[in-house]
Amino acid sequence: MNNEEKNRPQNFIEEIIEEDLKAGKNGPGVHTRFPPEPNGYLHIGHAKSICLNFGLAAKYGGLCNLRFDDTNPEKEDVEYVDSIMEDVRWLGFQWHDRPYYASDYFGQLYDWAVLLIRKGLAYVCDMGPDEIAATRGTPTEPGRESPWRGRSVDENLDLFERMKKGEFPDGSKVLRAKIGMDSPNMHMRDPVLYRIKRAEHHRTGNDWCIYPMYDFAHGQSDYVEGITHSICTLEFEVHRPLYDWFLDHLAEEGRVRPRQIEFARLNLSYTVMSKRLLLRLVKEGHVKGWDDPRMPTISALRRRGCTPEAVRAFAAIIGVAKRDTVVDMALLDHCIREDLNRRSPRVMGVLDPLRLVIENYPDGRVDELEIANNPEEPAAGSRRVPFSRVLYIEREDFMEEPPRGFFRLAPGREVRLRGACLATCTGAVKDEAGNIVEVRCEWDPASLGGNAPDGRRVKGTLHWVSAAHAVKAEVRLYDRLFTCEDPYRAEEGKDFISNINPYSLKIVSAYIEPHVAGARPGERFQFERLGYFCVDPDTTDRRLVFNRTIPLKDSWAREAKKGR
RNA sequence: UGCCCGGUGGUGUAACUGGCAACACGUCUGGCUCUGGACCAGAAAUGUCUAGGUUCGAACCCUAGCCGGGCAGCCA
């Protein structure tokens, strides 16, 4: 890719920005913001927005502000502020330790409200929520004007000040813009600017009993911070005329005016993305918390073992556009695998152990084998893995009567024990019930290391651990949280909860090679032939816990499925 | 049946702005392999919502229609 191509706009937002840059509209440069409301945990959809906003700033040499849109104290909390900061930081973006808060502008916003009143563009309305709703009209019929719409400027000024002082009960009065009740755009029908709400705010405490609405706060906050491009999701498209209306009446001549641009939020198959639904999953106990690895939250992705690089690669690959679409979860899976494959040291672990005894291997002998940590990355070095007479192999790697195309162990078959030797199966031992409890084999001592001197080949290579040396670990095998691509589509009378995958978590007791002993939470490995795994924070000195981040692709499983 | 937005292979995104519809994922086939992974090579995709129009030429511009999404919180 030559320079010209690399610098070409990648999406419609970059096109807009470059036009604005050319027209000299942005003053000093490009300035974006990521404006979460601290009322929940961030999810992969937010990651798309974070990567977009911070990425745009980086590309055009500008800044991106992290700004908490905290205008509704009833729903917001510092717990969420902290988690959001942690997530943004983890994703690899920084805001130079200058977080912004819409609540920092409460004073300015109040002054602007007073200014609108002075201009005759806002009034105090005594109607309650129900009345306001009843007089707003419908999308097809105009609303009715409030009886309080004609109050004088002085009366409005007095009443608004007394609202602020706390002279009126919650919900008894609001400040509304005077725009017109017949607008075809519902948001322009004298929208509420301020409401009375006696709630303790996580930052301003009890300083205020009136709080601005989103529409009155957002655009002006952008303006205060010198934001040039205010990027939000599609549902705010109809708010844009109001966003511009406030700025038309409040912005000063010659100062940078922000421009709102809308893009399609991320939808992912096999999961849900709304905060409300995610909250339900947590509250109703369908998952263990916001960071349960089955969740699409950033904290869950992190706990599961995804890297920030994988998430960023995903954000880049899905692109940015305006149509409402659903991205295939397989694309996220791909990005995770691609990244983990490059960086994960390999290790052997057995999830469903079956004893394998090497009959002609001396009892008590141990070979310390030198095995590469990552065959594709010599710099990753190697480790020593103990090999002995009694091993564990994966139960599904042995079949007494193998079907066509099964390359693993079966009576009379020779396979390779990864990094160790070639071994031929001599039989299996069963219990009274007929269950296979042990497999027996003979090894070829000349093949120590993995290859026979005579150059003969085997079709299968199995992972294994030495029974006497293995470390025991709890391994949490996660699968998709929902059984269908579109969990919202449920049977008559049921909701998305009915589409939860009952097998989304399977916990097994596994044997892992001793190399992983002492691994710290967050450490990642590839368990050869199985997938990528990450040490869970539940790990203690006495208990080792792994999460399966994602399985390796398994073409045999696919083949076996087809055969059925 | 008001207003706003959007329709490109199964999925997502492109098409140098009116000039051979491409890239990635997924799928399939073959190769290679001490991971049935990775990697390499290749294939299929009945793809520009429909109908008109402008034009030498339309995914792109115009008109009409169809389909999908959003909007009636003192939520954001």
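In the text below, chain A, chain B and the rest are named by the order of the sequence lines, each starting its count at 1.
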Could you tell me the Watson-Crick or G-U partner of [N], where both distances fall under 3.5 Å? Say none if there is no partner.
| N | value |
| --- | --- |
| B:G2 | B:C71 |
| B:U29 | B:A41 |
| B:A24 | B:U11 |
| B:U63 | B:A51 |

Remember a base hit wins even if backbone is also touched, and classify [X] as base, sugar-phosphate or nothing at under 4.0 Å, heavy atoms.
| X | result |
| --- | --- |
| A:R457 | sugar-phosphate |
| A:V320 | sugar-phosphate |
| A:F406 | base |
| A:Q526 | base |
| A:M163 | nothing |
| A:T71 | sugar-phosphate |
| A:F236 | base |
| A:V192 | sugar-phosphate |
| A:I318 | sugar-phosphate |
| A:E237 | sugar-phosphate |
| A:G460 | nothing |
| A:R416 | base |
| A:N451 | base |

Glycosidic conformation of B:G73, taking syn as within 90° of 0 and anti otherwise: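 It is syn.
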Base orientation of B:U54, syn vs anti, 90° cut from 0: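 It is anti.
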Whole-angstrom distance between [N] and [M], as gauged at atom [atom1]:
| N | M | atom1 | result |
| --- | --- | --- | --- |
| B:A21 | B:A58 | P | 11 Å |
| B:G68 | B:C49 | C1' | 11 Å |
| B:A22 | B:U54 | P | 29 Å |
| B:A59 | B:C16 | P | 12 Å |
| B:A64 | B:C4 | P | 13 Å |
| B:U11 | B:U46 | P | 10 Å |
| B:U48 | B:G9 | C1' | 10 Å |

Given [options], the nucleotide with the shortest approach to the side chain of [X]:
| X | options | result |
| --- | --- | --- |
| A:Y214 | B:A76, B:G36, B:U35 | B:A76 |
| A:T461 | B:G36, B:G26, B:A38 | B:G36 |
| A:R529 | B:A72, B:G36, B:C71 | B:G36 |
| A:P184 | B:C3, B:C74, B:G36 | B:C3 |
| A:V238 | B:A72, B:G36, B:G70 | B:G70 |
| A:N72 | B:C25, B:A76, B:G36 | B:A76 |
| A:R408 | B:G2, B:C5, B:G36 | B:G36 |
| A:D69 | B:G2, B:G26, B:A76 | B:A76 |
| A:H239 | B:C74, B:A76, B:G70 | B:A76 |

[N] phosphate, OP1 or OP2, under 4.0 Å from [X] side-chain N/O:
| X | N | result |
| --- | --- | --- |
| A:T140 | B:A72 | no |
| A:R195 | B:A76 | yes |
| A:R558 | B:U27 | yes |
| A:K553 | B:U35 | no |
| A:S555 | B:G37 | yes |
| A:R189 | B:C71 | no |

What is the separation between atom [atom1] on [X] and atom [atom2] on [N], rounded to the nearest whole Å?
| X | N | atom1 | atom2 | value |
| --- | --- | --- | --- | --- |
| A:E74 | B:G73 | CD | C1' | 12 Å |
| A:Y243 | B:A76 | OH | P | 16 Å |
| A:F314 | B:U11 | CZ | P | 16 Å |
| A:I317 | B:A14 | CD1 | P | 13 Å |
| A:N185 | B:C71 | CG | P | 12 Å |
| A:E235 | B:C5 | CD | P | 16 Å |
| A:L530 | B:U35 | CG | P | 14 Å |
| A:D126 | B:C74 | CG | P | 15 Å |

A:E262 versus A:Q260, side-chain donor and acceptor atoms under 3.5 Å: yes
Option from A:R33, A:R259, A:R240, A:E225 for which side-chain hydrogen bond (donor to acceptor under 3.5 Å, both in side chains) with A:S230 holds: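 The option that passes is A:R33.
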Parallel, tilted or perpendicular: ring planes of A:F527 versus A:F533, cut at 30 and 60 degrees: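 Aromatic pair A:F527/A:F533 classed parallel.
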base_contact_polar (B:G37 base, A:E376 side chain, donor-acceptor, <3.5 Å): yes
Donor-acceptor pair (no angle test) under 3.5 Å: A:Q10 side chain, B:U13 base: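 No, no donor-acceptor pair under 3.5 Å.
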N/O donor-acceptor pair under 3.5 Å between A:T233 side chain and A:E235 backbone: no
5′-ward residue of the pair A:S447/A:D170 relative to RNA chain B: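 Of the two residues, A:S447 wins.
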Residue whose nearest RNA chain B nucleotide is more 5′ - A:F12 or A:L462: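 The residue closer to the strand's 5' end, by nearest nucleotide, is A:F12.
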NZ/NE/NH1/NH2 to OD/OE distance under 4.0 Å, A:D333 and A:R337: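 A:R337 and A:D333: not salt-bridged.
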Basic-acidic side-chain contact under 4.0 Å: A:R144, A:D182: no
A:F160/A:Y110 aromatic ring centres below 6.0 Å: yes
Trace of the side chain to side chain donor-acceptor pair (under 3.5 Å) decision for A:H187 with A:D215: CA-CA 9 Å; A:H187 296 278; A:D215 285 308; 4.6 Å; no
Charged tip of A:R67 within 45° of A:F34 ring normal and under 6.0 Å: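 No - A:R67 does not lie over the ring of A:F34 by the 6.0 Å and 45° rule.
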Test item: A:L109 and A:P212 side chains (from C-beta on) under 4.5 Å apart, heavy atoms: yes
